[in-house]
*Asks:* 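Next up is a structure, given as structure tokens.
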Protein chains: 4
Amino acid sequence: MTIKGKRVKIAEEKRKMILTSAREVFSENGLEGTSLRAVAAHAGYTPGALYFHFDSKEALYAEVLNLSLQRLEERIKSEIETLTSHEERLYASGLAFFTFYEENPIDLDLGFYLFRGGMKPAGLGRERDIALNQALEDALSPIAEEAEKLGATETEANLLVVDCFAHATGLLLLLHTGRIRMFNASASVRMKEYVSEKIEQIKNK
Amino acid sequence: MTIKGKRVKIAEEKRKMILTSAREVFSENGLEGTSLRAVAAHAGYTPGALYFHFDSKEALYAEVLNLSLQRLEERIKSEIETLTSHEERLYASGLAFFTFYEENPIDLDLGFYLFRGGMKPAGLGRERDIALNQALEDALSPIAEEAEKLGATETEANLLVVDCFAHATGLLLLLHTGRIRMFNASASVRMKEYVSEKIEQIKNK
Amino acid sequence: MTIKGKRVKIAEEKRKMILTSAREVFSENGLEGTSLRAVAAHAGYTPGALYFHFDSKEALYAEVLNLSLQRLEERIKSEIETLTSHEERLYASGLAFFTFYEENPIDLDLGFYLFRGGMKPAGLGRERDIALNQALEDALSPIAEEAEKLGATETEANLLVVDCFAHATGLLLLLHTGRIRMFNASASVRMKEYVSEKIEQIKNK
Amino acid sequence: MTIKGKRVKIAEEKRKMILTSAREVFSENGLEGTSLRAVAAHAGYTPGALYFHFDSKEALYAEVLNLSLQRLEERIKSEIETLTSHEERLYASGLAFFTFYEENPIDLDLGFYLFRGGMKPAGLGRERDIALNQALEDALSPIAEEAEKLGATETEANLLVVDCFAHATGLLLLLHTGRIRMFNASASVRMKEYVSEKIEQIKNK
DNA sequence: TATGAATGAGTATTCATTCAT
DNA sequence: TATGAATGAATACTCATTCAT
């Protein structure tokens with residue numbers, strides 16, 4: 001590897017280290033409650049140093065969010081690819097979104113910020129929004145595909161996606177805020193039952 | 001009316017005006033993202049002037065939230081009280097939470113802020129959390145009551161509450177962020193179908 | 001008494017009440033640490049109300065100080081007037097300044113503020129200074145008078161005043177700040193010994 | 001000298017410059033009466049800039065006081081160390097405290113602030129108080145040592161310390177406030193006479 | 001690349017004072 | 001007289017960003 005190549009690689013690793021630090025600090029203090037100084041300190045840098053790696057606080061935020069969405073996509077793909085029966089694949093894809101965020105509360109936090117129309121002043125608005133929509137579509141489309149293969153119409157398949165997405169999101173919110181404890185219920189059990197029921201409906205149509 | 005009475009009335013109206021202003025500003029920027037200056041300016045005051053009406057920024061925020069929850073409770077009660085058949089009452093109570101927030105997006109914004117991260121950093125305190133839980137319980141308990149009257153076991157009724165709550169929350173999020181448009185679907189239709197299906201399940205048990 | 005006279009008398013009593021409150025609050029929080037609001041609250045008033053009785057915060061301060069000096073003068077006079085022997089009178093007048101402030105730590109606090117050239121920006125500077133000097137002279141002059149009657153020259157008498165004044169002031173400072181405890185000594189005993197010694201010196205000259 | 005060394009040196013000089021500015025401003029207005037803005041402006045800085053050099057206003061104040069006490073100690077030590085006869089040493093140590101503050105009115109101002117009210121509201125804390133007591137003890141203890149060597153009992157020596165300390169403090173107050181002029185007397189002459197008399201007393205015992 | 005120092009705008013809150021009622 | 005509401009300036013402190021070194 002050339003010297004230049006080495007430098008580039010080192011630079012990339014530093015970026016990643018900073019991004020990882022940022023993820024942790026964000027998850028502890030919330031996006032709005034986190035200062036660049038805090039991220040820098042956690043990463044072992046002075047605030048000014050971060051500006052060699054990221055253009056601004058907002059740009060850093062954006063990159064952290066991007067990484068989170070990438071991880072979501074990868075996770076969902078790997079979840080389905082080993083399965084062969086359509087029913088199994090539908091079940092898996094219906095659960096994958098929920099499961100990823102259940103297991104990665106930091107990303108859930110980041111996701112909620114994204115959802116809330118936050119980051120308005122960032123000025124990266126539209127781009128980011130399109131990327132998010134794409135990521136979501138990629139993450140959720142397997143549900144529709146498999147549902148159609150099990151006999152659902154296109155419309156039915158599409159609504160199944162919405163319903164699963166909404167139910168997962170709602171349960172994650174309940175889980176994340178501890179509100180689910182009020183009801184002595186398990187979020188993941190609720191989600192699994194929901195998806196199972198939906199599959200039964202399609203099969204028994 | 002006495003002069004003193006007039007004064008008190010004027011004072012109350014000013015308080016309300018400030019609260020209304022605060023509602024809007026808070027709902028746009030959240031607790032941490034909103035400065036007292038912003039609220040004051042929006043209400044036509046100097047920052048210091050607000051301290052004659054509220055002890056602190058947090059106290060103001062708390063009052064805004066309280067009012068929002070009160071409105072939720074009142075709305076839900078009034079929705080059910082005129083109905084007589086258990087099925088109608090179950091249907092109405094299953095929808096009421098969703099409908100209130102669908103029609104009052106500002107309150108939805110406030111609600112989401114409350115949920116986020118369990119308000120850890122805000123320090124609005126245990127009291128507030130208990131009040132919120134109570135308000136939610138009051139708002140949702142009619143679902144369980146009516147379900148049992150239609151033949152559901154206590155456990156089933158309880159899970160119905162969780163499921164409705166989660167589904168409503170998820171759909172509201174999709175609606176609020178415009179994400180539901182991606183799927184060409186109507187949040188309220190999805191919610192109504194969900195509640196209807198659930199009622200059918202109970203009846204056909 | 002006329003109606004007008006009654007009104008005036010009531011007004012005067014209210015003034016006194018406020019001044020008394022101010023004294024207490026000052027002594028608890030220090031002059032600089034005390035706000036008009038605090039004085040008002042302690043006196044059962046709103047801040048604005050005080051402006052009917054005093055022109056400004058500084059004017060209120062000034063009056064509190066005046067009262068304190070008046071009390072000092074009265075106390076010193078009453079201390080000496082019953083005594084007949086010159087030696088007794090010299091002893092009493094040498095101690096009176098110290099004793100008053102030992103027994104009235106609030107006034108000591110006020111006094112120190114006065115000394116420290118504080119209140120500079122008040123704009124009542126010169127007047128106040130002259131009044132203070134007069135009060136001090138009145139308070140201390142008996143020492144010189146009696147010393148001369150016991151045989152001291154005018155110069156010796158004058159220096160005796162300075163020395164007693166300085167020693168008293170220093171001991172009061174040590175007493176007030178608790179520093180005297182470091183030495184396991186009693187301020188009043190030190191003062192009494194000092195004055196006694198000085199009297200002996202004069203007599204044995 | 002290395003580049004880093006240069007930087008450190010520059011930084012230290014800036015700190016000193018700020019401390020010097022702070023010394024002056026604090027001595028004029030006291031801790032509570034002085035704003036960070038005022039110190040910053042006097043030092044040619046923005047308020048925020050001071051936070052790179054000191055953690056808080058109180059920390060800055062504490063450092064200013066520390067420096068003042070250090071100077072007192074050093075001065076007193078150097079005053080005595082060249083003398084050999086016990087009488088000379090006693091005389092010098094009895095005067096040193098007074099002389100230092102007579103020559104350094106700014107430090108006197110700082111000292112008086114420290115004394116006032118025992119710093120109750122300032123909250124500079126126990127540590128600071130202990131340090132102050134230690135500095136005073138170090139500054140005054142030579143008086144006792146030398147007195148004992150001249151034949152005084154431990155008790156007598158201890159009381160001599162209190163008496164000298166009090167007399168010096170009182171004279172400094174009179175000097176500092178200009179009150180001494182009222183009596184046409186010289187503070188330093190009064191102090192010297194006082195110490196001389198005390199030494200005579202011990203020798204003639 | 002990275003730092004340390006600096007800025008300028010921002011934060012919530014307090015204060016002396018004013019004034020309509 | 002007295003109040004309650006209001007102002008405008010002040011308070012200590014924080015933050016994102018910049019830049020010489």
*Asks:* Runs of at least three consecutive Watson-Crick or G-U pairs, both distances under 3.5 Å, are what I'm after; which ones involve DNA chain E?
*Replies:* E:2-21 with F:2-21
*Asks:* Tell me: CG of D:L60 to P of F:dT11, nearest whole Å?
*Replies:* 15 Å
*Asks:* Between F:dT17, E:dT17, F:dC15, which nucleotide gets closest to the side-chain atoms of A:S35?
*Replies:* F:dC15
*Asks:* Got a second to check how far A:L60's CG is from A:R15's CZ, nearest 0.5 Å?
*Replies:* 9.0 Å
*Asks:* Considering residues at least two apart in sequence or located in another chain, which fulfil the side-chain hydrogen bond (donor to acceptor under 3.5 Å, both in side chains) criterion with A:K57?
*Replies:* A:Y61
*Asks:* How many Å lie between NZ on B:K6 and C1' on E:dA20, as a whole number?
*Replies:* 14 Å
*Asks:* Where do A:S21 and A:H42 come nearest, in terms of heavy atoms and distance?
*Replies:* OG-ND1, 3.3 Å
*Asks:* What residues, two or more places apart in sequence or in another chain, satisfy side chain to side chain contact (heavy atoms under 4.5 Å, CB included) together with B:S35?
*Replies:* B:R37, B:A38
*Asks:* Identify the heavy atoms of D:Y51 and D:P47 that sit nearest to each other, and give their distance.
*Replies:* CD1-O, 3.7 Å
*Asks:* Pull out every protein N or O sitting under 3.5 Å from an N or O of nucleotides 2-4 of chain F, one pair per line with the distance.
*Replies:*
{"residue": "F:dA2", "atom": "OP1", "partner": "C:K14", "partner atom": "NZ", "Å": "2.6"}
{"residue": "F:dA2", "atom": "OP2", "partner": "C:H53", "partner atom": "NE2", "Å": "2.8"}
{"residue": "F:dT3", "atom": "OP2", "partner": "C:T46", "partner atom": "N", "Å": "3.0"}
{"residue": "F:dT3", "atom": "OP2", "partner": "C:T46", "partner atom": "OG1", "Å": "2.7"}
{"residue": "F:dT3", "atom": "O5'", "partner": "C:T46", "partner atom": "OG1", "Å": "3.3"}

*Asks:* How far does CZ of A:R23 sit from CD1 of A:I18, to the nearest 0.5 angstrom?
*Replies:* 15.5 Å
*Asks:* What integer distance in Å separates B:F54:CZ from F:dA6:P?
*Replies:* 11 Å
*Asks:* Atom NZ of B:K9 and atom P of E:dT21: how far apart are they, to the nearest Å?
*Replies:* 18 Å
*Asks:* How long is the line joining CZ of A:R37 and C1' of E:dT7, in whole Å?
*Replies:* 12 Å
*Asks:* Report the residue (C:K57 or A:I10) whose heavy-atom-nearest nucleotide on DNA chain E is the more 5′ of the two.
*Replies:* A:I10
*Asks:* Rounded to whole angstroms, how far apart are OH on B:Y61 and C1' on E:dT11?
*Replies:* 18 Å
*Asks:* Hey, could you give me the CG/CG distance between A:L19 and A:L65, rounded to the nearest 0.5 Å?
*Replies:* 10.5 Å
*Asks:* Under the salt bridge (Lys or Arg N to Asp or Glu O under 4.0 Å) test, which residues partner B:R71, sequence neighbours left out?
*Replies:* B:D107
*Asks:* Check the distance between F:dC15's C1' and A:E58's CD and give it to me in whole angstrom.
*Replies:* 13 Å
*Asks:* Send over the distance from B:Y51 OH to E:dA16 C1', rounded to a whole Å.
*Replies:* 18 Å
*Asks:* Checking A:E12 now: which residues fulfil side chain to side chain contact (heavy atoms under 4.5 Å, CB included) with it, not counting sequence neighbours?
*Replies:* A:V8
